[in-house]
Amino acid sequence: MKNRKNIILLAFLATAFVACDLSDPGEPAAVPPGFDLSDDSPAGVRIEKALEDHGVLYRYKFTDVDYSYNWTSSITSMEYVPATDQQSIINVIDYIEQEIFSIFPEGFVKTYMPPTVLLVDSLKMLYTYDDPRPDPPVNVTYHYSIVGNVTASSMVIANVNKNFNNPPSETLKEDLISLFVERLLANKNLPWPDAFVAVSDELFRATGLAASYHPYWNGDFVNIKSWGLVVPDFTDWWGRGILKIGRLGDMGFSVFVWGAYEIETYDLAKATAGQDFGDYVAFILTKTAAEKQAFYDIVAARPLTQNVPGGNPDPRTPQGGPPAVEVMKRKVQLVKDYFKENFNIELKDPS
């Protein structure tokens with residue numbers, strides 16, 4: 001497709017260009033050089049209204065530099081397809097304002113949210129399946145779509161097309177809340193949620209495991225894959241008090257064969273600490289008290305240690321259990337405390 005972009009995100013790009021960003025509350029949203037607000041298309045008119053109402057600058061036309069600026073320190077590529085359907089762009093902005101911004105007090109988004117949001121038809125990650133055991137060996141790669149991503153300079157929202165939320169997605173609202181809250185944490189005038197992050201950090205440090213087992217992704221692409229696991233239904237992140245895997249999703253499966261030994265690896269992406277914080281905000285705001293308890297019951301029923309077929313359970317890699325539930329409840333309270341202390345906002349269960 002001629003519209004498909006395959007962007008090579010070079011690390012030096014981050015030092016060569018200035019991002020279009022806003023980290024200080026109270027300032028007007030900065031319109032980047034070369035950006036034309038006189039776009040009289042239906043989408044352009046809607047974008048101008050969104051900037052006026054909420055201080056959020058949506059962009060569906062942008063340069064490769066805008067897209068690639070300071071993505072991560074070493075990610076090599078991420079494919080995207082530009083958003084082109086005018087009505088879909090309008091529908092997405094309407095949905096965000098009605099379903100996401102409406103949960104916050106009037107003026108909150110304009111005051112605190114870094115404004116730049118890039119809208120794309122699809123955002124692609126590469127899946128790799130590598131199994132040398134069959135004859136011939138199986139090695140398959142393909143791209144899959146993700147809901148969006150947060151970068152150092154902007155936020156990318158995908159699926160801006162005629163299929164947006166059709167059929168209605170059960171998780172779209174929580175995914176978008178998480179994205180916007182993670183982006184909110186880029187506001188340099190807001191404190192980082194250190195107490196929240198420390199909970200899972202402390203659980204990791206107590207294990208004595210190698211750094212590759214750290215529960216959060218640090219932004220370096222070589223460290224993005226989930227800590228090594230050998231069973232497909234693992235939930236090690238729950239044992240660390242983390243709600244979900246990383247937003248970049250299921251990145252692949254591989255088998256390492258060494259003599260009589262075979263090691264299977266399921267390559268799920270780790271979540272950033274910011275995503276985990278955003279996931280908890282979404283969990284609080286979208287799940288009723290009964291739904292939260294049902295989830296806690298599922299986590300509590302998971303084994304305290306990973307059940308490795310043919311091997312010994314490792315107590316350092318818990319999959320859940322009552323201790324994990326207590327950690328999750330503690331993190332829920334820390335998220336509520338953060339919003340109360342910094343914004344005087346009380347996050348409550350939906351009725």
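Within the 4.5 Å cutoff, side-chain heavy atoms of Tyr144 are placed close to those of Ile146. Under the 4.5 Å side-chain criterion, counting only non-hydrogen atoms from C-beta, Leu51 is not in contact with Ile47. Counting only heavy atoms from C-beta outward, the side chains of Leu334 and Pro193 never approach each other to under 4.5 Å. Side-chain atoms of Val327 and Lys329, non-hydrogen and from C-beta on, never get closer than 4.5 Å to each other. Under the 4.5 Å side-chain criterion, counting only non-hydrogen atoms from C-beta, Leu172 is in contact with Tyr95. Residues Val120 and Phe62 form a side-chain contact, since some pair of their non-hydrogen atoms from C-beta on lies under 4.5 Å apart. Between Ile157 and Leu118, the closest side-chain pair of non-hydrogen atoms is not below 4.5 Å. Taking the side chain as every heavy atom from C-beta outward, Tyr142 and Leu126 never approach each other to under 4.5 Å.
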> Run the salt bridge (charged side-chain N to carboxylate O under 4.0 Å, His left out) check on Glu346 and Lys340 step by step: do they pass?
Replying inline: CA-CA 6 Å; Glu346 292 188 17; Lys340 182 64 176 177; 3.5 Å; yes
>> Using the rule given for side-chain contact (heavy atoms from CB on, under 4.5 Å), can you reason through Leu268 versus Trp237, listing the C-alpha separation, both sets of side-chain angles and the distance that settles it, and then say yes or no?
In response: CA-CA 11 Å; Leu268 299 191; Trp237 50 89; 3.8 Å; yes
>> Evaluate Asn187 against Met113 for side-chain contact (heavy atoms from CB on, under 4.5 Å), listing each step before the verdict.
In response: CA-CA 7 Å; Asn187 187 324; Met113 190 70 65; over 6 Å; no
>> Please determine whether side-chain contact (heavy atoms from CB on, under 4.5 Å) holds for the pair Met328 and Phe295, giving the CA-CA distance in whole Å, both sets of side-chain angles, and the decisive distance to 0.1 Å.
In response: CA-CA 11 Å; Met328 289 178 171; Phe295 173 74; 3.7 Å; yes
> Checking salt bridge (charged side-chain N to carboxylate O under 4.0 Å, His left out) for the pair Asp94/Arg46: CA distance, chi angles, key distance, verdict?
Replying inline: CA-CA 9 Å; Asp94 287 347; Arg46 184 66 182 88; 2.8 Å; yes
> Could you walk me through whether Tyr216 and Phe204 pass the ring-ring contact (aromatic ring centres under 6.0 Å, His included) check?
Replying inline: CA-CA 10 Å; Tyr216 287 134; Phe204 163 72; over 10 Å; no
>> Apply ring-ring contact (aromatic ring centres under 6.0 Å, His included) to residues His143 and Tyr127 and explain how you reach the verdict.
In response: CA-CA 6 Å; His143 285 91; Tyr127 180 91; over 10 Å; no
>> Using side-chain contact (heavy atoms from CB on, under 4.5 Å), reason through Thr141 and Asn139 one step at a time and then give a plain yes or no.
In response: CA-CA 7 Å; Thr141 61; Asn139 188 289; 4.3 Å; yes
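A salt bridge links Arg133 and Glu262; the closest N-O separation between the charged side-chain nitrogens and carboxylate oxygens is under 4.0 Å. We find that Lys49 and Glu97 are not joined by a salt bridge, their nearest charged nitrogen and carboxylate oxygen being 4.0 Å or further apart.
Side chain of Asn161 to backbone of Asp121: a donor-acceptor contact under 3.5 angstrom is found. Side chain of Asp85 to backbone of Ser88: a donor-acceptor contact under 3.5 angstrom is found. Listed for the Trp238 side chain is a donor-acceptor partner under 3.5 Å among the backbone atoms of Leu243. Distance alone, capped at 3.5 Å, places no donor-acceptor pair between the Tyr112 side chain and the Asn189 backbone. No donor-acceptor distance shorter than 3.5 angstrom exists from the side chain of Ser145 to the backbone of Ser122, with no hydrogens or angles considered. The backbone N or O of Lys287 lies less than 3.5 Å from a partner atom in the side chain of Lys292, making a donor-acceptor pair. A donor-acceptor contact shorter than 3.5 Å links the side chain of Ser200 to the backbone of Arg240. Not one N or O on the side chain of Ser169 forms a donor-acceptor pair closer than 3.5 Å with the backbone of Asn165.
Tyr338 and Phe277 have their aromatic ring centers within a separation under 6.0 angstrom.
Between Pro350 and Ile284, the shortest heavy-atom contact is CD-O, 3.5 Å. Closest approach of Tyr296 and Val332 over heavy atoms only: OH-CG2, 3.7 Å. Gly241 and Tyr280 make their closest contact through O-OH, 2.6 Å (heavy atoms, listed as atom of the first residue, atom of the second, distance). Here the closest heavy-atom approach between residue Ala273 and residue Trp192 is recorded as CB-CZ2, 3.9 Å.
Once rounded to the nearest 0.5 Å, the distance linking CG of Leu176 with CZ of Phe180 reads 6.5 Å. Separation of atoms CG (Leu123) and CG (Asn159) is listed at 9.0 Å; rounding is to 0.5 Å. Within the model, atoms CD1 of Ile345 and NZ of Lys336 stand 14.0 Å from one another, a figure rounded to the nearest 0.5 Å. Here the straight-line distance linking atom CG of Asp297 with atom CZ of Arg302 works out to 14.0 Å at 0.5 Å rounding. For the atom pair CG (Leu184) and CE (Met155), the distance works out to 10.0 Å, reported to the nearest 0.5 Å. To the nearest 0.5 Å, atom CG of residue Leu285 and atom NZ of residue Lys348 are 11.5 Å apart.
Looking at Lys270, Lys244, Lys331 one by one, the single match for side chain to side chain donor-acceptor pair (under 3.5 Å) with Asp276 turns out to be Lys331.
Connection of Val45 to Val117 is not established within any shared hydrophobic cluster, with ILVMFWY side chains joined at heavy-atom distances below 4.5 Å, either directly or through further cluster members. No path of Ile, Leu, Val, Met, Phe, Trp and Tyr side chains, each step under 4.5 Å between heavy atoms, connects Ile90 with Val56, placing them in separate hydrophobic clusters. Note on Ile103: it clusters hydrophobically with Leu347, by side-chain heavy-atom contacts below 4.5 Å among ILVMFWY residues.
Annotation: side chain to side chain contact (heavy atoms under 4.5 Å, CB included) contacts of Ala282 (sequence neighbours excluded): Glu174, Ile177.
A side-chain donor from one of Tyr60 and Gln86 sits under 3.5 Å from a side-chain acceptor of the other.
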Could you give the side-chain donor-acceptor pairs of residues 247-257 under 3.5 Å, partners two or more places apart or in another chain?
{"unit_1": "Arg247", "atom_1": "NH1", "unit_2": "Glu182", "atom_2": "OE1", "d": "2.7"}
{"unit_1": "Arg247", "atom_1": "NH2", "unit_2": "Ser178", "atom_2": "OG", "d": "2.8"}
{"unit_1": "Arg247", "atom_1": "NH2", "unit_2": "Glu182", "atom_2": "OE1", "d": "3.3"}
{"unit_1": "Asp250", "atom_1": "OD1", "unit_2": "Gly252", "atom_2": "N", "d": "3.3"}

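Taking the six-membered ring where the residue is Trp, Phe339 and Phe104 present parallel rings, their angle staying beneath 30° rather than reaching 60°.
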